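Please read all numbers here as calculations on a predicted model, not as lab measurements.
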Amino acid sequence: MRKKRSLKLELSARVSLEATLRAARMMAAGEDEFLALEKTVEDDPLFKKLVRPPGGAAPAVKRRRQGGVNFAWGLALDRSLEAEPGEVPAGGMLEGREAALALIKKIGPGNFERYFLSDEAVPAAEAAAACGLAPEEFADIRAFTASFLAAHERLQPRIQSRPFAAVAAVAAGPRGPEISYLSSRYARGTYDVDLAALRGLGSSGLISAEERRRLRPLLAALRALNSKKRGLTLLLAALAGRQADFLMGRIPSPRPLSMTALAADLGLSAGSVSRLAAGRSLFLPSGEEISLRSLFPGKGVRSIDRIRDILIQKGGDKLTDGEVAARLREKYGLRLSRRTVNHYRGRI
């Protein structure tokens with residue numbers, strides 16, 4: 001008995017370790033790898049069965065939209081309009097769909113997000129009535145949205161010559177910067193697994209023996225995808241708050257920010273934050289693309305900002321490097337040598 005229990009604990013620890021390692025690998029995965037894995041998972045017949053079981057059984061997997069997470073629908077439309085011929089599947093997703101686009105504009109972004117971009121199970125008749133649409137209008141928007149999103153996911157990154165991939169865009173909101181994902185796969189949220197419903201599917205015979213064997217790796221993939229989505233959403237929200245003045249164009253450069261300190265505040269490891277930021281970028285309201293790593297400037301950026309503050313003061317540009325160093329020490333308690341001031345002054 002003790003031996004069996006020991007073996008069970010050992011297997012449980014091994015599964016937990018494998019899940020942790022897979023989550024870490026997913027944190028470091030590029031956008032292509034992440035999106036490919038999610039598509040593979042969602043195309044799996046077993047996943048589809050868990051989301052919509054036959055016979056009206058309770059779903060074992062549901063998507064949960066994360067608070068404050070949006071899809072940059074407007075940018076997605078612009079990106080498709082700018083696509084090269086043949087980049088979007090035959091027929092073009094916008095050609096001849098002016099009526100559907102007008103209806104989307106008519107119902108407003110709130111209704112569009114809730115009834116067409118989320119996985120909330122609302123009967124079509126009820127959703128159409130809530131949007132003030134006729135049934136055929138509702139069906140037209142739903143068909144257009146599904147086909148457009150499928151085509152949009154196949155588009156190549158808009159900027160391919162840069163060493164990073166854009167994942168989100170920043171816009172001015174009523175409470176500060178708002179982050180919207182460029183991929184609907186992030187915006188649709190994470191996966192919730194209902195273990196009671198999963199056991200019910202197993203006991204009712206709706207999951208075959210072969211599907212049981214594939215269940216564990218499928219659930220492990222969902223956990224890895226969740227870790228990536230939650231981590232990136234936490235990171236982007238924190239950066240939007242800490243670097244709001246820079247993102248909104250109110251100051252010329254990001255404020256000093258320690259990756260290690262931010263990671264501790266988020267309850268993540270510094271390695272996880274580093275992997276999430278690596279190779280990723282976002283678009284500012286101005287249209288400029290910046291890397292996430294650039295939002296973690298070190299002491300040099302702070303020194304340059306302080307020197308700039310002194311130089312823009314009346315007569316500050318006439319000060320010698322030694323005089324600037326003295327003012328830095330008096331005003332900010334920042335001790336820099338004359339040579340260091342000269343070095344940073346040349347970068348302003």
[Y] and [X], any side-chain heavy atoms less than 4.5 Å apart:
| X | Y | value |
| --- | --- | --- |
| L215 | L198 | yes |
| N111 | F116 | no |
| T233 | Y186 | no |
| R185 | K39 | yes |
| L257 | L239 | yes |
| F144 | L103 | no |

Inset, instruction - Answer yes or no: is there a donor N or O on one side and an acceptor on the other, between the side chain of E126 and the main chain of P123, under 3.5 Å? - result: no
Legend entry - Backbone N/O of T320 and side chain of R338: donor-acceptor pair under 3.5 Å: no
Indicate the atoms forming the closest heavy-atom contact of [X] with [Y], along with that distance.
| X | Y | answer |
| --- | --- | --- |
| V170 | P177 | CG1-CB, 3.8 Å |
| I107 | C131 | CG2-O, 3.6 Å |
| A57 | L206 | CB-CD1, 4.1 Å |
| Y181 | K229 | OH-O, 4.2 Å |
| I141 | A100 | CG1-O, 4.3 Å |
| V61 | V193 | CG2-CG2, 4.3 Å |

Inset, instruction - Sort and list the pairs that fulfil side-chain hydrogen bond (donor to acceptor under 3.5 Å, both in side chains) and have at least one residue in residues 196-206, not counting sequence neighbours. - result: none
As an exercise, state the distance from [atom1] of [X] to [atom2] of [Y], rounded to the nearest 0.5 Å.
| X | Y | atom1 | atom2 | result |
| --- | --- | --- | --- | --- |
| I310 | E323 | CD1 | CD | 11.0 Å |
| L268 | R230 | CG | CZ | 11.5 Å |
| L282 | S180 | CG | OG | 11.0 Å |
| L232 | L236 | CG | CG | 4.5 Å |
| L284 | E289 | CG | CD | 9.5 Å |
| T40 | E42 | OG1 | CD | 10.0 Å |

Could you tell me which residues satisfy side chain to side chain donor-acceptor pair (under 3.5 Å) with [X], sequence neighbours excluded, listed by chain and number?
| X | result |
| --- | --- |
| S269 | S272 |
| E210 | R214 |
| T190 | none |
| D321 | N342, R345 |

Result block: side-chain N/O donor-acceptor pairs under 3.5 angstrom for residues 243-250, not counting sequence neighbours:
| unit_1 | atom_1 | unit_2 | atom_2 | d |
| --- | --- | --- | --- | --- |
| Q243 | OE1 | R255 | N | 2.8 |
| Q243 | NE2 | R255 | O | 2.8 |
| Q243 | NE2 | L295 | O | 3.0 |
| D245 | OD1 | R250 | NE | 2.9 |
| D245 | OD1 | R250 | NH2 | 3.0 |
| D245 | OD2 | R255 | NH2 | 2.6 |

For [X], what residues pass the side-chain contact (heavy atoms from CB on, under 4.5 Å) criterion, not counting sequence neighbours?
| X | result |
| --- | --- |
| A139 | none |
| A325 | V341 |
| P252 | R308 |
| A127 | Y115, V122, F138 |

Inset, instruction - Could I get the full list of ring-ring contact (aromatic ring centres under 6.0 Å, His included) partners for Y191, not counting sequence neighbours? - result: F47
Inset, instruction - Kindly determine whether I207 and L50 satisfy side chain to side chain contact (heavy atoms under 4.5 Å, CB included), including the steps that lead there. - result: CA-CA 9 Å; I207 297 180; L50 298 179; 4.1 Å; yes
Inset, instruction - Would you mind checking if E38 and K228 are paired as a salt bridge, meaning a charged N to carboxylate O distance below 4.0 Å? - result: no
Inset, instruction - Quick one: do R293 and S274 satisfy side-chain hydrogen bond (donor to acceptor under 3.5 Å, both in side chains)? Show the steps, please. - result: CA-CA 8 Å; R293 282 194 179 276; S274 178; 2.8 Å; yes
Legend entry - Residue list, salt bridge (charged side-chain N to carboxylate O under 4.0 Å, His left out) with K49, at least two apart or on another chain: E211
